[in-house]
Number of protein chains: 2
Amino acid sequence: METRTKPRPDAPDQGASRIERLCIEQGLKMTGQRRLIARVLSEAEDHPDVEDVYRRALALDNKVSIATVYRTVRLLEEKGILERRDFGGGRARYDPADRGQHHHLIDVDTGKVIEFADEEFEALARAMARRLGFSLVGQRLELFGRKIDPDPTPSPAPRRREARDA
Amino acid sequence: METRTKPRPDAPDQGASRIERLCIEQGLKMTGQRRLIARVLSEAEDHPDVEDVYRRALALDNKVSIATVYRTVRLLEEKGILERRDFGGGRARYDPADRGQHHHLIDVDTGKVIEFADEEFEALARAMARRLGFSLVGQRLELFGRKIDPDPTPSPAPRRREARDA
DNA sequence: CTAGATGCAAAAACTTTGCTCTCTG
DNA sequence: CAGAGAGCAAAGTTTTTGCATCTAG
């Protein structure tokens, strides 16, 4: 198992962003707003919710409405460019699908999310599905853990509503 | 791996339901409404959302408000009696925790949810967490699959919002 | 040019809460 | 009997939508 190498951020705003290229491949009409949202998503190294995407987009260029962000992430999800996640907290989070198959370990004390991949798990998942009579078309694995602590510090009070991203 | 043996439904409405007993163990004040909700949850073999619980409770006894259902499932979740799940669809689903550790395979064509357990996976999950420097305190595994079909029938149109429980 | 995109504000969907009255322990 | 719980309706959040107006291809 190796922790994932994150895709290096795109070269500073020249040319199409990583996600924009995927949109074009899918034959999507590229408006200014879509390009903007694509760029925000390409540069994100966390798992932003719609609000996050909206705020970051506005920070780059004040020309997008929240409704468009909702419509766009939904479209990108349908095209397989984004994956919707739910780490609790009531909002959907989004994760670019081109980062490759990976899973999440959520630190229950801090809410931090760590991504990782594991070939042994991939194989096991396929095997489990097959044993139930299915072929695997997708999967979702989240581990919740507590740091094995070399330096025991009083842990902060637990949140009521699960993880908040790093 | 064995598909889980579901807990047999409680003997027809005599005495405390399975979930009610857990509530009592936790020292919860047992009102008529809580008993009713506990019974609905004890008898459920699927993963009802709040609406489902509410409707089923009303069907048994017309004496509960939706607000109480929300408050109760939240309470039971905090007490560790229920687990909140999200299979997509925008609503939280609930799963009695006393069924033991298990996972879900969602049939992407029908939305049916199959539960299963797998010891090999449990071990692997612990190992993955340890390798990242964490001790495992919880986990969530969902597989999405398509039936390996001995009789190819045109599949129904896919839903927009993921799984609907069986 | 025209199908599809956007903005805005209204509405829908889901969940929580304030307050008063009720009931369990 | 006191403190916790229930009901109801109002308010909060998050997400979707109708419609008039733009715009990429």
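Protein chains get the first letters and strands the later ones, always in sequence-line order, with residue 1 at the start of each. In this text, all values refer to a predicted model and were calculated from it rather than measured experimentally.
- A heavy-atom distance below 4.5 Å is not found between the side chains of B/Arg93 and B/Pro48.
- You'll find the side chain of A/Val53 reaches within 4.5 Å of the side chain of A/Leu41, heavy atoms only.
- Taking atom CG of residue B/Asp61 and atom P of nucleotide D/dA6, one finds them 13 Å apart after rounding to whole Å.
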Per-nt protein contacts along nucleotides 20-25 of chain D (heavy atom under 4.0 Å; B base, S backbone sugar-phosphate only, - none) come out as ---BBS

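- Rounded to whole angstrom, the span from the OH atom of B/Tyr54 across to the P atom of C/dT15 amounts to 14 Å.
- Summarising the geometry, the separation between CD1 on A/Ile37 and P on C/dA5 is reported as 12 Å, rounded to the nearest angstrom.
- Separation of the B/His103 and B/Phe121 ring centroids falls under the 6.0 Å cut-off.
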Close N or O pairs between protein and nucleotides 9-14 of chain D (under 3.5 Å):
{"unit_1": "D/dT14", "atom_1": "OP1", "unit_2": "A/Arg91", "atom_2": "NH1", "d": "2.1"}
{"unit_1": "D/dT14", "atom_1": "OP2", "unit_2": "A/Arg91", "atom_2": "NH1", "d": "3.4"}

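- What separates CG of B/Leu75 from P of C/dT16 is a distance of 13 Å, to the nearest Å.
- Of the candidates D/dT16, D/dA6, C/dG7, the closest approach to any side-chain atom of A/Arg74 belongs to D/dT16.
- Here the straight-line distance linking atom CZ of A/Arg84 with atom CD of A/Glu78 works out to 9.0 Å at 0.5 Å rounding.
- A rotation axis mapping the C1' atoms of four pairs onto the next four is fitted at both ends of the helix from C/dC1-D/dG25 to C/dG25-D/dC1 over five pairs, and the angle between these axes is 50° to 10 degrees.
- For a distance-only test at 3.5 Å, the side chain of A/Arg71 qualifies as a donor-acceptor partner of the base of C/dG7.
- Residue pairs meeting the side chain to side chain donor-acceptor pair (under 3.5 Å) criterion with at least one member in residues 58-68 of chain B, sequence neighbours excluded: B/Ser65-B/Thr68.
- Looking at A/Ile114 and B/Phe134, their side chains come closer than 4.5 Å, going by heavy atoms from C-beta outward.
- For A/Thr68, a side-chain nitrogen or oxygen approaches OP1 or OP2 of C/dG7 to under 4.0 Å.
- In this model, the phosphate group of C/dC23 is not approached by any side-chain N or O of B/Gln33 to a distance below 4.0 Å at OP1 or OP2.
- In terms of the salt bridge (charged side-chain N to carboxylate O under 4.0 Å, His left out) criterion, A/Glu122 has no residue partners (sequence neighbours excluded).
- Using a 4.0 Å cut-off between charged side-chain N and carboxylate O, A/Asp49 and A/Arg56 make no salt bridge.
- Contact annotation: the side chain of B/Leu60 approaches that of B/Arg39 to within less than 4.5 Å [non-hydrogen atoms, C-beta and beyond].
- Taking atom CD1 of B/Ile66 as the reference point, atom P of C/dT17 lies 16 Å away to the nearest angstrom.
- The distance between atom CG of A/Leu36 and atom C1' of C/dA5, rounded to the nearest whole Å, is 14 Å.
- Formation of a donor-acceptor pair under 3.5 Å by the A/Arg126 side chain with backbone atoms of A/Leu136 is not found in this model.
- Taking A/Glu83 as the reference, A/Arg85 meet the salt bridge (charged side-chain N to carboxylate O under 4.0 Å, His left out) condition, with sequence neighbours excluded.
- Protein atom CD of A/Gln26 is 16 Å distant from nucleotide atom P of C/dG4, rounded to whole Å.
- The distance between atom NZ of A/Lys79 and atom C1' of C/dG4, rounded to the nearest whole Å, is 12 Å.
- The shortest side-chain heavy-atom distance between A/Glu142 and B/Leu141 does not fall under the 4.5 Å cut-off.
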